[in-house]
Amino acid sequence: MNKNFMTMTAATLMLASSACVGTEQAVTDAPIIGKQEITVKDGRLTPEALWAMGRIGASAVSPDGKQIAYTVSYYSVKENKSHLVIYVMNADGSNNTLLTRTAASEGQPTWIKGGSKLAFLKEGQVWEMNADGSERKQLTHFDKDIEGFAFSPDESKILFIAQVKYGQTTLDKYPDLDKASGLVIDDLMYKHWDEWVQTVPHPFLASFDGNQVSEAQDILEGEPYESPMKPFGGIEQLAWSTDSKQIAYTCRKKTGLEYAISTDSDIYLYNLESKQTRNLCKEDAKDKNMGYDTNPQFSPDGQFIAWQSMERDGYESDRNRLCVMDLSNGKKSYVTESFQSGVDTYCWAPDSKTMYFTGVWHGTSMIHKTNLQGEVNQVTEGMYDYASVAMINEGQLLTTRHSISHANELFTVNLSNKEVTQISHENDAIFKQLNLGKVEPRWTKTVDGKDLLSWVIYPSNFDPNKKYPTLLFCEGGPQSPVSQFWSYRWNFQIMAANDYIIIAPNRRGLPGFGMEWLEEISTNYGGHCMDDYLSAIDDIAKEPYVDKDRLGCVGASFGGYSVYWLAGHHNKRFKAFIAHDGFFNMHQQYVETEELWFTNWDLGGAYWEKNNPAVQRSYANSPHLFVDKWDTPILCIHGEKDFRILASQGMAAFNAAKLRGVPAQLLIFPDENHWVLKPQNGILWQRTFFNWLDKWLKK
């Protein structure tokens with residue numbers, strides 16, 4: 001532990017005693033952003049139509065299985081803001097009712113008090129209301145924003161997440177410099193994702209008598225660690241035992257350089273009575289799960305605890321296995337070993353002997369089930385991605401599902417006959433107006449004789465007798481699947497609506513095709529993964545409806561790297577490139593990025609390791625080394641709050657192109673991170689994207 005780098009608040013933080021008597025504040029004068037209405041011209045999907053869609057988020061099933069609460073995010077392009085609201089409906093989709101009626105966002109609906117009340121987050125505090133939205137009452141008045149919460153099964157306690165101070169600030173060191181903005185930094189992980197790290201999340205515990213919340217205790221008080229883990233962890237990384245006596249939490253107990261080079265997080269079990277903590281992942285000296293261990297869940301009977309587990313330290317894209325521990329004897333078993341892909345989400349069945357999970361295989365994410373003996377069977381099928389799973393009752397699941405051709409909606413799955421039923425219809429009014437392009441799989445032989453799966457998306461009014469400009473889509477990750485995903489930015493159907501054919505290959509390095517396929521990309525960015533891209537575009541270019549003289553190449557993150565690399569190796573195949581948030585100079589990327597475990601694993605280590613063949617192979621494929629071969633117009637896009645891949649990478653690529661005399665454009669977002677999250681920036685992104693493609697591929 002680096003004592004100079006961490007300082008924690010020592011005092012116990014308090015909840016106000018008036019928490020039980022709070023009432024909902026008056027409606028503000030701010031406009032209420034609700035369900036958007038839009039008319040789609042000629043059936044063509046537009047950026048404005050994408051941003052008019054409601055985005056379904058978290059959901060919760062009532063204790064009796066008869067009602068479902070869920071959230072939807074609405075966006076206003078004019079206001080450049082979003083609004084998170086709560087709906088409640090019957091489990092069959094009937095009687096769907098909007099509960100949020102003010103401009104304040106409301107989220108994380110949670111059934112309490114036997115299903116008679118809904119707890120939820122509003123303005124950083126926990127509230128409760130009736131299932132019809134009436135009788136709202138504020139339960140907490142914590143002096144910091146609450147970011148997630150979970151009531152104990154007996155509802156005598158509440159567990160919640162809040163930020164605590166991390167490290168010593170400039171003001172702490174020099175009280176007379178109260179207006180100084182400089183940060184004095186002594187160790188790594190001083191920045192993460194899109195923030196300068198000055199706080200970390202901690203789990204807090206408080207008593208709840210049904211009306212009043214008592215003072216809260218930080219169960220990691222004095223420890224400089226995150227729980228849940230940044231940048232994306234939430235309440236799913238913590239769990240209550242069924243007897244309400246223990247809390248399981250996810251934590252990587254490392255700081256600074258040690259944190260920056262390791263993915264070794266563990267599941268800890270905190271006993272409320274003894275205040276003692278056990279590390280469930282390291283009790284056995286023979287245990288080799290040194291990678292990410294996250295998202296614990298206790299079985300309904302309390303006998304077992306499960307979590308998602310990666311085996312190898314430093315490998316953030318290792319296969320996520322489902323680990324189950326018998327709490328009576330500490331014995332662990334991995335119950336998804338026969339599924340040679342990762343577990344993305346999961347839940348226990350009521351019998352405590354069966355588990356359901358989602359995972360990708362051959363370009364689709366399906367629901368599977370496993371027993372404690374590791375017998376895995378697929379439950380769903382079709383050209384979809386199932387993105388979540390929860391029990392409604394013993395014979396029925398609640399899930400979210402989307403595809404390349406449809407945004408997320410809620411569905412139920414009948415476990416006896418596997419019938420899938422849509423129960424939410426958030427965007428029906430928009431999708432009924434759309435003329436979407438056909439989507440089909442295409443298999444191509446690779447340069448080494450293997451089978452490569454790509455998704456092909458055709459223009460909305462496809463005519464096989466015409467020739468179309470065609471785009472090669474390069475996936476990010478680098479180990480994220482090209483499945484049936486729906487995106488509000490990298491959306492294939494909006495590309496099809498602009499009269500482009502899209503081919504999206506599941507190239508080497510993507511999950512769903514076995515571990516050998518997944519891992520071939522590591523330290524080999526210029527290898528078969530790039531051959532796969534060229535095989536895919538060359539294969540579809542043979543079709544009579546593809547104009548091989550009007551091919552484009554687009555991608556973000558590792559896809560952005562791919563674009564920069566292909567710009568120097570494409571042998572004049574492409575007439576336009578677009579790279580978003582890609583790294584251009586691998587040498588600079590190694591010392592700029594914050595999560596060094598990624599570059600250590602994927603690139604093999606630091607570029608100064610001259611005697612390491614894997615390292616030398618990696619850095620020999622840095623795109624900046626091949627700028628002398630750039631000859632094709634390129635658009636570079638980057639966000640200045642992107643601390644994973646700094647904006648200097650995009651600027652350098654743009655500058656290099658201009659210095660080479662290559663037509664180039666730079667779209668820079670001072671207020672966006674690795675993604676583009678603000679509505680008007682999203683519209684600007686789409687307009688710039690298609691203006692560039694149209695300029696060079698539709699002459």
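- When the shell of 6.0 Å around CD of Q378 is examined, it contains more than 12 heavy atoms from other residues, nucleotides or ligands.
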Q) Under the ring pair (Phe, Tyr, Trp, His ring centres under 6.0 Å) criterion, do Y315 and Y292 qualify, and how do the steps go? A) CA-CA 8 Å; Y315 187 16; Y292 277 125; over 10 Å; no
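- Taking CG from L118 and CG from L99, the interatomic distance works out to 7.0 Å, rounded to the nearest 0.5 Å.
- For T345 and T358, the side-chain atoms include at least one donor-acceptor pair closer than 3.5 Å.
- The shortest side-chain heavy-atom distance between N491 and W486 falls under the 4.5 Å cut-off.
- The neighbour count for K230 NZ, taken as heavy atoms of other residues, nucleotides or ligands under 6.0 Å away, is above 12.
- The two residues V389 and C347 make their nearest non-hydrogen contact at O-CB, 3.8 Å.
- Ion pair R401/E409 not flagged as a salt bridge, since none of the NZ, NE, NH1 or NH2 atoms sits closer than 4.0 Å to an Asp/Glu carboxylate oxygen.
- A salt bridge links D318 to R312: one of the charged nitrogens lies within less than 4.0 Å of a carboxylate oxygen.
- Counting non-hydrogen atoms of neighbouring residues, nucleotides and ligands closer than 6.0 angstrom, the NZ atom of K245 reaches no more than 12 such neighbours.
- Under the 6.0 Å cut-off for aromatic ring centres, F357 and F339 qualify, their centroids lying closer than that.
- Separating the OG atom in S454 from the CD1 atom in I502 is a distance of 12.5 Å, to the nearest 0.5 Å.
- For I32 against R101, the heavy-atom pair with the smallest separation is CD1-O, 3.3 Å.
- A cation-pi arrangement is absent between R278 and Y268, since the terminal nitrogen or guanidinium carbon is not both under 6.0 Å from the aromatic centre and inside a 45° cone about the axis.
- Taking a 6.0 Å sphere around NZ of K113, one finds it holds more than 12 heavy atoms contributed by other residues, nucleotides or ligands.
- Closest heavy-atom contact between F513 and L510: CD1-O, 4.1 Å.
- Ring pair H406/F431 is parallel by interplanar angle, where below 30° counts as parallel and above 60° as perpendicular.
- Across S365 and D344, no two heavy atoms sit closer than the pair OG-OD2, 4.2 Å.
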Q | salt bridge (Lys or Arg N to Asp or Glu O under 4.0 Å) between R319 and E519, worked out | A | CA-CA 10 Å; R319 181 165 63 98; E519 297 188 341; over 6 Å; no
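- Using a cut-off of 4.0 Å between Lys/Arg side-chain N and Asp/Glu carboxylate O, K332 and E283 are scored as not salt-bridged.
- By the 4.5 Å heavy-atom criterion applied to side chains, Q138 and K122 are not counted as neighbours.
- In this structure, CZ in R252 is found 5.5 Å from CE in M229, a value given to the nearest 0.5 Å.
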**Q.** ring pair (Phe, Tyr, Trp, His ring centres under 6.0 Å) evaluation trace for F208 with F151
**A.** CA-CA 9 Å; F208 178 61; F151 284 91; 5.1 Å; yes
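- The two residues A349 and Y356 make their nearest non-hydrogen contact at CB-CE1, 3.9 Å.
- Taking the six-membered ring for Trp and the full ring otherwise, the centers of F492 and F473 sit less than 6.0 Å from each other.
- K282 has a carboxylate O that lies under 4.0 Å from a charged side-chain N of D264, or vice versa, which qualifies the two as a salt bridge.
- In this structure, E440 places its CD atom where more than 12 heavy-atom neighbours from other residues, nucleotides or ligands lie under 6.0 Å away.
- Here E595 pairs with R644 in a salt bridge; the nearest charged N to carboxylate O distance falls below 4.0 Å.
- Looking only at side-chain heavy atoms (C-beta outward), I56 and T71 stay at 4.5 Å or farther from each other.
- Between W675 and W193, the distance from one ring center to the other falls under 6.0 angstrom.
- Taking each heavy atom of H674 and S557 in turn, the nearest pair found is NE2-OG, 2.9 Å.
- Side chains of S483 and T364: a donor-acceptor N/O pair is absent below 3.5 angstrom, by distance only.
- To the nearest 0.5 Å, atoms OG (S241) and CD1 (I305) are separated by 8.5 Å.
- Remark: L453 CG to W517 CH2 distance equals 9.0 Å, nearest 0.5 Å.
- One finds no salt bridge joining E516 and R508 here, because no Lys/Arg side-chain nitrogen approaches an Asp/Glu carboxylate oxygen to under 4.0 Å.
- In this structure, Q396 CD and S416 OG are separated by 9.5 Å, a value rounded to the nearest 0.5 Å.
- Between E426 and K35 a salt bridge is recorded (basic side-chain N to carboxylate O distance below 4.0 Å).
- Considering only heavy atoms from C-beta on, I112 comes within 4.5 Å of E128 through its side chain.
- For the side-chain hydrogen bond (donor to acceptor under 3.5 Å, both in side chains) with Q308, the lone residue among T336, N295, D293 that qualifies is N295.
- Ring planes of Y384 and Y386: perpendicular class, angle over 60° (limits at 30 and 60°).
- Side chain of W111 to main chain of A60: a donor-acceptor pair is present (N/O by atom type, distance under 3.5 Å, no hydrogens or angles).
- Neither side chain, N90 nor N95, offers a donor N or O lying under 3.5 Å from an acceptor on the other.
- When side chains are defined from C-beta on, W361 does not count as touching M366, because their heavy atoms never get closer than 4.5 Å.
- For the pair E226 and Q237, the minimum side-chain heavy-atom distance is 4.5 Å or more.
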Q: Step by step, work out the side-chain hydrogen bond (donor to acceptor under 3.5 Å, both in side chains) result for S480 and E475.
A: CA-CA 7 Å; S480 300; E475 177 63 303; 5.3 Å; no
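- Taking 4.0 Å as the cut-off between side-chain N and carboxylate O, E375 and K369 do not count as a salt-bridged pair.
- Neither side chain, S227 nor H202, offers a donor N or O lying under 3.5 Å from an acceptor on the other.
- At a threshold of 4.5 Å between non-hydrogen side-chain atoms, the residues V456 and V439 do not count as touching.
- Put simply, the side chain of F598 reaches to within 4.5 Å of the side chain of P478, judged on heavy atoms.
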Q.
ring pair (Phe, Tyr, Trp, His ring centres under 6.0 Å) for H83 and Y74? Distances and angles first, verdict last.
A. CA-CA 5 Å; H83 186 209; Y74 293 119; 7.6 Å; no
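- A salt bridge is absent between K418 and E381: the closest approach of a Lys/Arg side-chain nitrogen to an acidic carboxylate oxygen does not fall below 4.0 angstrom.
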